[in-house]
Amino acid sequence: MTVKLAIVSRIVTDGEADEQLLSLEGILREEAKGFTLGYRDPEGDLTTLRLHPEEVRIRRSGIFSSAITVRPGTAEPFFYRTPYGALELICTGEEILLEREGGSGRVQLRYRLDSPAGPVSENTIIISFKECVK
């Protein structure tokens, strides 16, 4: 089903916070143990979130791409691919909150990104979604 998304992204790097708000249309699909949200950002890159109460998998494709697993209490390595090469990073999950009723709901993720050299950022993503009525 088509949904309207309100996405708040907050990234704290070296004590400096950057917050972005996006309003877009996306797709909501049911899965056996959860659901998937997918959307294209204003640059045309595709993001897909596979949402389960115990873990969230975020896949971004485009010129910069990654596949991140957020699982509270665990550190998961992944590669962030850029036109200049791949960076090895580690995602430490801190929180997953999923609220859902029918075609609407809210997702909140908190996680930390580190490199082998040290801390990179603290990240919070909040996504509110609601079925589009046509």
Separation between [atom1] of [X] and [atom2] of [Y], rounded to the nearest 0.5 Å:
{"X": "S65", "Y": "F79", "atom1": "OG", "atom2": "CZ", "answer": "12.0 Å"}
{"X": "R59", "Y": "R50", "atom1": "CZ", "atom2": "CZ", "answer": "9.0 Å"}
{"X": "L28", "Y": "T36", "atom1": "CG", "atom2": "OG1", "answer": "8.5 Å"}
{"X": "Q20", "Y": "D41", "atom1": "CD", "atom2": "CG", "answer": "9.5 Å"}

message: Does E54, at its CD atom, have more than 12 non-hydrogen atoms belonging to other residues, nucleotides or ligands within less than 6.0 Å?
response: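 Correct, the count exceeds 12.
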Please say whether more than 12 non-hydrogen atoms of neighbouring residues, nucleotides or ligands are located less than 6.0 Å from CZ in R100.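 Check passes, neighbour count above 12.
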Residue pair [X] / [Y]: nearest heavy atoms and the distance that separates them:
{"X": "P42", "Y": "L24", "value": "CD-CD2, 4.2 Å"}
{"X": "I63", "Y": "P83", "value": "CG1-CG, 3.4 Å"}
{"X": "A86", "Y": "R81", "value": "CB-CG, 4.1 Å"}
{"X": "D45", "Y": "G62", "value": "OD1-CA, 3.4 Å"}
{"X": "P77", "Y": "A75", "value": "CD-O, 3.9 Å"}

Check your understanding: Between V120 and I90, is a side-chain contact (heavy atoms from CB on, under 4.5 Å) present by the stated rule, with each step listed?
Key -> CA-CA 9 Å; V120 174; I90 300 162; over 6 Å; no
Note to self: Using side-chain contact (heavy atoms from CB on, under 4.5 Å), reason through R110 and N123 one step at a time and then give a plain yes or no.
What the structure shows: CA-CA 6 Å; R110 284 190 317 109; N123 304 268; over 6 Å; no
Using side-chain heavy atoms (C-beta onward) and a distance below 4.5 Å, is [X] in contact with [Y]?
{"X": "E25", "Y": "C132", "answer": "yes"}
{"X": "L49", "Y": "I127", "answer": "yes"}
{"X": "R29", "Y": "M1", "answer": "no"}
{"X": "Y111", "Y": "I125", "answer": "yes"}
{"X": "V8", "Y": "E19", "answer": "yes"}

Cluster check [X], [Y]: I/L/V/M/F/W/Y, side chain < 4.5 angstrom:
{"X": "L22", "Y": "V56", "answer": "yes"}
{"X": "L46", "Y": "L51", "answer": "no"}
{"X": "F78", "Y": "I96", "answer": "yes"}
{"X": "L109", "Y": "L89", "answer": "yes"}
{"X": "L87", "Y": "L113", "answer": "yes"}

Taking it one step at a time, do V70 and I58 satisfy side-chain contact (heavy atoms from CB on, under 4.5 Å)? CA-CA 8 Å; V70 178; I58 306 167; 4.2 Å; yes
* Asked: Counting only N and O atoms by type, is there a donor-acceptor contact under 3.5 Å from the side chain of S66 to the main-chain atoms of I68?
  ->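 No, the answer is negative, given that no donor and acceptor are paired below the 3.5 Å cut-off.
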Problem set entry | Check: A117 main-chain N/O paired with S115 side-chain donor or acceptor under 3.5 Å |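 Between the backbone of A117 and the side chain of S115 there is a qualifying donor-acceptor contact (under 3.5 Å).
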Practice prompt. Could you point out which residue of E122, E94, E95 forms a salt bridge (Lys or Arg N to Asp or Glu O under 4.0 Å) with R112?
Written response: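 Going through E122, E94, E95 one by one, the salt bridge (Lys or Arg N to Asp or Glu O under 4.0 Å) with R112 is satisfied by E94 alone.
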How would you list all residue pairs meeting side-chain hydrogen bond (donor to acceptor under 3.5 Å, both in side chains) that involve residues 9-18, not counting sequence neighbours?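 Checked against side-chain hydrogen bond (donor to acceptor under 3.5 Å, both in side chains) - neighbours excluded - no pair reaches residues 9-18.
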Partners passing side-chain contact (heavy atoms from CB on, under 4.5 Å) against R71 (at least two apart in sequence or in another chain) =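 By the side-chain contact (heavy atoms from CB on, under 4.5 Å) rule, R71 matches E55, R57, T69, T74, E76.
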Mind checking what makes side-chain contact (heavy atoms from CB on, under 4.5 Å) contact with R106, not counting sequence neighbours?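 Partners of R106 by the side-chain contact (heavy atoms from CB on, under 4.5 Å) criterion, ordered by chain and then number, come out as E99, Q108, I126, S128.
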Query - Between F35 and F129, ring centroids under 6.0 Å - result: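 When the ring centroids of F35 and F129 are compared, they turn out to be within the sub-6.0 Å range.
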Verdict with supporting geometry, I27 and L37, side-chain contact (heavy atoms from CB on, under 4.5 Å):
CA-CA 6 Å; I27 300 294; L37 288 173; over 6 Å; no
